[in-house]
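All of these numbers come straight from a predicted model, not from anything done at the bench.
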Amino acid sequence: MSRIEQLTQEKGTEAITGRESRESRESRGRWLALCVLVLAVLLVAVDATVLGLATPSLSEDLKPSGTQLLWIGDIYSFVIAGLLVSMGSLGDRIGRKKLLLVGATAFGAVSVLNAYATSPEMMIVARALLGVAGATLMPSTLALIRNIFHDPKERSLAIGIWGATASAGAAIGPVVGGALLQHFWWGSVFLINLPVMIALVLVGIKLLPESKNPVAGPWDLVSVVLSLVGVIGVVYAVKEVATHGVTWGVGAAAVIGAACLYAFVRRQFSLPSPLLDMRLFRHRGFSGAVLADLLTVFGLSGLVFFLSQFLQLVQGRDPLEAGLAELPAAIGAVVTGLVAGRYARRYSVRSIVTGGLAAIGLALGALTLVHKESGYPLLGAALLVVGLGAGFSFTVTADVILSSVPKEQAGSASAVSETAYELGAALGIALLGSIVTGVYQGFTAPASVSGPVADAAHESLGGAVEAAKAVDPATAQTMVAAAQEAFVDGLRFASGVGAAVLLATAVAAWFLLRGQRLQDGVTH
C-alpha cells in the first residue's frame with residue numbers, strides 16, 4: 001500500500017470514528033434531555049395524586065362544603081384544560097424550552113401558596129393558579145420529545161418512559177405524601193414539588209435544546225380568551241347540572257361556553273396562523289386517539305378521586321397505608337408503558353388500545369362488587385389491571401397523536417392530547433364525583449342528631465366523621481356507619497358507570513383506529 005493510500009485510509013477511519021463519536025454524544029444528549037422532561041411530568045403527576053390523599057385531613061382543617069371540596073379537586077383540571085391549547089401554541093411560537101422552564105418555576109412558587117392556604121376559597125384560587133402554571137408543562141414536554149427523537153422506535157420508547165414516569169409519579173405521590181402526612185400537616189404534600197422544580201430548572205437550562213415553529217405567526221389573544229371561556233363555561237355547566245340540576249345560571253354558562261367554542265373553531269379556520277389547526281382532526285387516527293384519551297380519563301378520574309377517601313375513611317387505613325395500597329395501578333402502567341410501542345408494532349395499534357381500554361372497563365366493573373369489609377386482594381387486583389390497561393392505551397395514543405402531525409405543530413398536537421386528558425379528568429370528577437356525592441347525601445342520620453350536625457354530616461364523608469365528634473359515642477357510631485355505607489354505594493354506582501364508558505370507548509377505538517400504524521409522522 002502506498003503512503004498516499006495509507007493516509008487516505010487513515011483519514012477515512014478518523015472521519016468514521018469522529019462521526020460515530022458525534023452520533024454517540026447526540027444520542028446521549030437526547031436521553032439526558034428526556035430525563036429533564038420527565039421531571040416535569042413527575043412534578044404534575046405527584047401533585048395530582050397527593051391531593052386525593054390529603055383530602056381527608058384538608059377537609060378537617062379547612063372545613064370545605066361538599067361543593068367546595070369538588071371545586072378544590074377539579075378547578076385545577078378546569079383551568080389547565082382551558083389553557084392547554086393556548087399554551088401549546090405559545091410554546092410553538094416563543095420556544096418550548098423557554099415556556100417549560102418559566103412554567104416549572106411558577107409551578108413551584110404556587111405550590112407554596114397551596115401549602116399555606118387558610119380557607120377553602122384561598123385553596124380554590126391557589127389550585128386555579130397552579131392550573132395556569134401546569135398548562136405550560138405537559139404540552140412542552142411532549143412537543144420537545146417529538147422534536148428531539150426523530151427515529152420512530154426511539155420516540156415510542158421515549159413516550160413510553162414519559163408515560164411510565166407519570167405513572168411512577170402517581171405511585172410516588174401517595175407513598176411520599178402518606179409518609180409526610182404521618183408527621184406533618186396536609187400542606188407539606190405540596191412542598192415536595194419544590195426540589196423537583198429546582199432540579200428541573202437548573203439542569204434544563206443546560207441540557208434541553210430550544211425548538212419552536214419558525215413560521216407559526218402571531219399569538220391570537222382573541223382565540224386564547226374564546227378557548228378559555230368556552231371550556232370552563234361548558235365544564236362548569238356540566239358539573240352544576242350533575243350536582244344541582246338545571247338553573248338559569250347553569251343554562252347561561254352552557255350557552256356562553258358553547259358559543260365561545262363555536263366562535264373559536266370558526267376563527268381558527270379564518271386565521272392564516274391559527275392557535276389550533278382544526279385540520280388535524282381530519283386525520284382519523286388523530287381524532288380516534290384524542291377521543292380514547294378523553295373518555296378513558298373520564299372513566300378513571302372520578303373513581304380515583306374518591307378512592308383515597310374509601311381507603312382512609314371507610315376502611316380505616318392511615319395515609320401511608322392508603323398510598324401503598326394504590327401502588328399496583330402505577331406499577332402496572334409503568335410495566336406496560338415501556339413495551340406498548342413494541343407491541344403496537346408487532347400486532348396493531350387498535351388491538352393494543354382496544355385491549356387496554358377493555359381491561360380498564362372490566363376492572364372498574366369488578367369494583368362494583370366492593371363493600372366496606374372487602375379484602376385487599378379484590379381492590380389490589382383491580383387496580384393492577386387498571387394500570388396495565390392504562391399503560392398500553394395512553395402510551396400508544398400519545399404516540400399516534402404525535403406521529404400524525406409535522407414536528408412544527410408538535411406543541412399544538414401535544415396540547416390537544418393533554419386537553420383531552422385534563423378535560424376528561426374534569427368531567428370525570430364532576431359527573432362521577434357528583435354521582436358518589438348524590439348517592440352519599442341520601443343516607444339517613446339518626447333521629448337524635450340535630451339539624452346543623454346532620455347537615456354537616458351530609459356535606460361529605462369527612463364532614464360526617466368530624467360531625468360525629470359532637471354527639472355521643474353510640475349515636476356517632478351509627479351515623480358514621482350509615483354515612484360509610486352510603487359512600488360505598490355511591491362508589492359502586494360510579495364504578496359501574498365508568499366501566500360502561502370504558503367498554504363503549506373500547507368498541508369505538510376498534511373502528512376509529514382501523515389501519516392506524518406507528519410510523520415516523522406524516523410527510524409534508
Side-chain angles (χ1 to χ4, degrees), residues 43-87 90 102-138 173 177 185-194 197 224-225 227-240 243-244 249-250 252-253 256-257 260 301 305 418-419 422-423 425-430 433-434 437 459-460 462-463:
L43 194 74
V44 178
V46 166
D47 178 78
T49 54
V50 295
L51 176 64
L53 196 68
T55 295
S57 53
L58 182 151
S59 299
E60 184 178 347
D61 189 15
L62 300 184
K63 296 179 172 55
S65 66
T67 300
Q68 287 176 325
L69 189 61
L70 284 176
W71 273 111
I72 290 172
D74 59 28
I75 188 64
Y76 173 82
S77 294
F78 284 4
V79 173
I80 204 171
L83 286 175
L84 275 168
V85 169
S86 300
M87 292 301 181
L90 181 63
V102 170
T105 303
F107 198 94
V110 178
S111 294
V112 177
L113 182 62
N114 278 260
Y116 292 99
T118 56
S119 68
E121 294 79 10
M122 183 178 177
M123 189 68 186
I124 291 170
V125 172
R127 292 292 292 169
L129 292 175
L130 203 64
V132 176
T136 67
L137 299 179
M138 300 301 280
W185 95 116
W186 59 263
S188 63
V189 302
F190 294 104
L191 298 182
I192 61 176
N193 292 334
L194 294 180
M197 178 275 294
V224 173
V225 174
S227 66
L228 179 62
V229 175
V231 170
I232 292 180
V234 169
V235 175
Y236 170 79
V238 171
K239 173 187 176 299
E240 288 299 300
T243 308
H244 301 116
V250 170
I256 293 171
C260 287
S301 57
F305 182 71
E418 293 303 321
T419 300
E422 296 298 339
L423 191 57
L427 290 171
I429 290 175
S434 296
T437 301
E459 283 291 343
S460 66

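Side chains of V112 and F190 form no contact here, defined as non-hydrogen atoms less than 4.5 Å apart. With a 4.5 Å cut-off on side-chain heavy atoms, R127 and I124 do not count as touching. Considering only heavy atoms from C-beta on, L113 comes within 4.5 Å of L129 through its side chain. Under the 4.5 Å side-chain criterion, counting only non-hydrogen atoms from C-beta, M122 is not in contact with L62. Two residues are said to be in side-chain contact when any heavy atoms from C-beta on lie closer than 4.5 Å; Y116 and L191 meet this criterion.
Separation of atoms OG (S227) and CE (M87) is listed at 10.0 Å; rounding is to 0.5 Å. Remark: M123 CE to I75 CD1 distance equals 12.0 Å, nearest 0.5 Å. Separating the OG atom in S86 from the CG atom in L228 is a distance of 7.0 Å, to the nearest 0.5 Å.
Of all the heavy atoms in G103 and T136, the pair that sits closest is CA-OG1, 2.9 Å. V79 and G131 get closest at one heavy-atom pair: CG1-C, 3.9 Å. Contact between V234 and G257 at its shortest, heavy atoms only, is CG2-C, 3.6 Å.
Looking only at distances, a side-chain donor or acceptor of N114 sits under 3.5 Å from a matching main-chain atom of A126.
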